[in-house]
Amino acid sequence: MASFQLDDQVLVQETMFVRTLTLNRPRQLNTLSLEMISQLSELFVAYEDDANAKLIILKGRGRAFCAGGNLAAVHRHFLEGNLKYGEKVSQKIINLTYLIATYSKPQVSILNGITMGAGVGISVHGKFRVATENSIFATPENGLGFFPNVGASYFLSRLPGFFGEYLGLTGARLDGAEMLACGLATHFVPSAKLPLLEKALISRAASVTSSSFDLAFISAIIDEHSLRQPALNEKSALHKMDVIDKCFSRPTVEEILSALEREAVEAHMADDDHRHEWLALTILLLKKASPMSLKICLRSIREGRVQAIDECLVREYRITSHILRGQISKDFREGCRAIVWDKDKKPKWKPSSLELITDHMVDHYFSKLDGDEELKLPQRSNLVAFANAKL
């Protein structure tokens, strides 16, 4: 077994044929620093070429799997005048996401806690995603003046109906049972059984040949420790797929909001308090978010429905670069200030309403970057065989 220092940002255990990587910034909810992203990338590349590495387990220490990227560091560099730092981080995390999405060896991500933003990117594109009763999933980026990226337009657009638009636009949270039900997780394992699951994966990997240690074999091991269908909370949004599909299938954010408001009036008139409460919260989440982010997010998910993972990532990098440069709107800087830095939680968005945003303004975020500024993903041979079959 390989040794590690407890102050390392990624703890590495190499036990027989299994490589276990533990994100180790628990006080920061395992948000990904540039150092962590670089180390994870190096490890994944090395293990893919290592014949003795049959399986990668990725997990987090503490109460989070990974709460996203290190936005505090990005904002600090903004304040210091280093405007390129954010693009550098974005490029590295997108390349890592692409590596994971096209990885030729199985990855089991144990999502035992908060899983948001970039934490979703480094897990949901892997083959096995294990949720627990402690899992909390969200894509809250619109509330920060950003947008769901790291392949979000790929995986959100492939969820049932228009559930992806609902999650992406509102930033609503899901628990582990909901993650399993909608397909974001492949298994649900009670947290008390996780040590037994890891032990079983390690011991069984050593007992079979490489050719026998296939995806069905790994899935069967996880199944032995899983709950097949954990009960959904009665207030789960998944019980409201009728209204989600009806409203979030609309072509624009304005029409989505109008549809939700009509549904809220009808629920109030019918004395359906539970439905009205959920609709009111959904409307509130949309109205609190950056209007520009909402417009970008919806278009990104809609384009992602007909694009492969590599196309989604290249487009998301373009959008990210334009957001960071702040030529049309500086909402991301304002969101970081209000939510992450000053923490007054009162961002002042500009433009301040959906009506002030033109199609031409949104087009800017989807426009190609100049020449060598475009993202160049590394050549991967497993795109068709692996990436497009994982969700």
Side-chain angles (χ1 to χ4, degrees), residues 1-2 4 8-26 28-33 35-48 50 53-70 92-132 134-137 150-151 155 176 179 184-189 191 193-195 197-202 205 213 215 218-219 221-222 225-226 386-387 390-391:
M1 179 182 294
F4 55 80
D8 290 345
Q9 293 192 19
V10 179
L11 306 182
V12 180
Q13 289 180 284
E14 300 182 354
T15 312
M16 293 186 282
F17 298 103
V18 176
R19 306 293 179 258
T20 303
L21 308 179
T22 305
L23 306 179
N24 188 38
R25 296 180 77 218
Q28 294 81 23
L29 301 179
N30 296 322
T31 52
L32 294 175
S33 66
E35 178 185 335
M36 292 171 78
I37 298 167
S38 298
Q39 187 177 357
L40 287 170
S41 299
E42 291 170 6
L43 289 166
F44 270 93
V45 168
Y47 293 151
E48 191 163 42
D50 182 356
K54 295 181 182 179
L55 171 68
I56 314 299
I57 297 176
L58 185 62
K59 61 181 183 175
R61 184 170 167 233
R63 65 188 184 94
F65 167 71
C66 174
N70 188 358
K92 284 186 173 291
I93 187 61
I94 287 177
N95 280 332
L96 174 59
T97 300
Y98 186 60
L99 174 62
I100 288 171
T102 57
Y103 209 59
S104 62
K105 293 184 178 181
Q107 172 186 339
V108 176
S109 298
I110 299 177
L111 312 177
N112 185 35
I114 299 167
T115 305
M116 298 182 182
V120 183
I122 62 171
S123 59
V124 77
H125 299 289
K127 184 60 184 178
F128 300 105
R129 293 92 62 189
V130 178
T132 76
N134 298 319
S135 298
I136 302 173
F137 166 93
V150 287
F155 67 78
M179 291 174 69
L184 286 166
T186 58
H187 297 80
F188 183 101
V189 175
S191 60
K193 290 188 175 182
L194 291 177
L197 170 61
E198 290 185 53
K199 185 177 180 180
L201 288 168
I202 291 169
F213 196 68
L215 299 179
I218 297 167
S219 186
I221 296 172
I222 305 175
H225 299 80
S226 297
F386 292 90
K390 286 184 177 178
L391 279 168

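- Residue R129 holds its CZ atom at 10.0 Å from NE2 of H187, rounded to the nearest 0.5 Å.
- With values rounded to the nearest 0.5 angstrom, L55 atom CG is found 10.0 Å from R19 atom CZ.
- The structure places CG of L58 at 5.0 Å from CG of L23, a figure rounded to the nearest 0.5 Å.
- Looking at residues two or more places apart in sequence or on another chain, you find no side chain to side chain donor-acceptor pair (under 3.5 Å) involving Q28.
- For the residue pair E48 and L99, the shortest heavy atom distance occurs at OE1-CD1, 4.1 Å.
- In this view, T115 satisfies the side chain to side chain donor-acceptor pair (under 3.5 Å) rule with no residue, not counting sequence neighbours.
- Looking only at distances, a side-chain donor or acceptor of K105 sits under 3.5 Å from a matching main-chain atom of D50.
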(request) Run the numbers on L197 and K193 for side-chain contact (heavy atoms from CB on, under 4.5 Å), then give the verdict. (result) CA-CA 6 Å; L197 170 61; K193 290 188 175 182; 5.8 Å; no

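- Contact between I122 and Q107 at its shortest, heavy atoms only, is O-NE2, 3.0 Å.
- Residues forming a side-chain contact (heavy atoms from CB on, under 4.5 Å) with N134 (at least two apart in sequence, or on another chain): N112, T132, S191.
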(request) Mind running side-chain contact (heavy atoms from CB on, under 4.5 Å) on V12 and L21 for me, showing each step along the way? (result) CA-CA 5 Å; V12 180; L21 308 179; 4.0 Å; yes

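- Contact record, A185 with A131: CB-CB, 3.8 Å, taken as the closest heavy-atom pair.
- Remark: T31 pairs with R25 by the side chain to side chain donor-acceptor pair (under 3.5 Å) rule, at least two apart or across chains.
- No donor-acceptor pair closer than 3.5 Å links the side chain of T15 to the backbone N or O of V18.
- Taking CE from M116 and CG from L111, the interatomic distance works out to 12.5 Å, rounded to the nearest 0.5 Å.
- Summarising the geometry of P106 relative to F128, their closest heavy-atom pair is CB-CE1, 4.3 Å, with the distance given to 0.1 Å.
- In this structure S123 satisfies the side chain to side chain donor-acceptor pair (under 3.5 Å) test with no other residue, sequence neighbours excluded.
- Between the side chains of S33 and Q9, at least one donor N or O sits under 3.5 Å from an acceptor N or O.
- A perpendicular orientation is assigned to the rings of F137 and F155, their planes being inclined by more than 60° (bins at 30° and 60°).
- Closest approach of K54 to A205, counting heavy atoms only: NZ-O, 2.8 Å.
- In this structure a side-chain-to-backbone donor-acceptor pair under 3.5 Å is missing from N24 to R61.
- Rounding to the nearest 0.5 Å gives a distance of 6.0 Å between CD1 of I222 and CG of L201.
- Minimum interatomic distance between G119 and F65 (heavy atoms only, all atoms of both residues): O-CE2, 3.2 Å.
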Which side-chain N or O atoms in residues 37-44 pair as donor and acceptor under 3.5 Å with protein atoms at least two apart or in another chain?
{"residue": "S38", "atom": "OG", "partner": "L34", "partner atom": "O", "Å": "3.1"}
{"residue": "S41", "atom": "OG", "partner": "I37", "partner atom": "O", "Å": "2.9"}

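- Here NE2 of H225 is found 10.0 Å from NZ of K199. Values are rounded to the nearest 0.5 Å.
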(request) Show your working on side-chain contact (heavy atoms from CB on, under 4.5 Å) between E198 and I110 and close with a plain yes or no. (result) CA-CA 10 Å; E198 290 185 53; I110 299 177; 3.9 Å; yes

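- At least one donor-acceptor pair closer than 3.5 Å links the side chain of H125 to the backbone N or O of V150.
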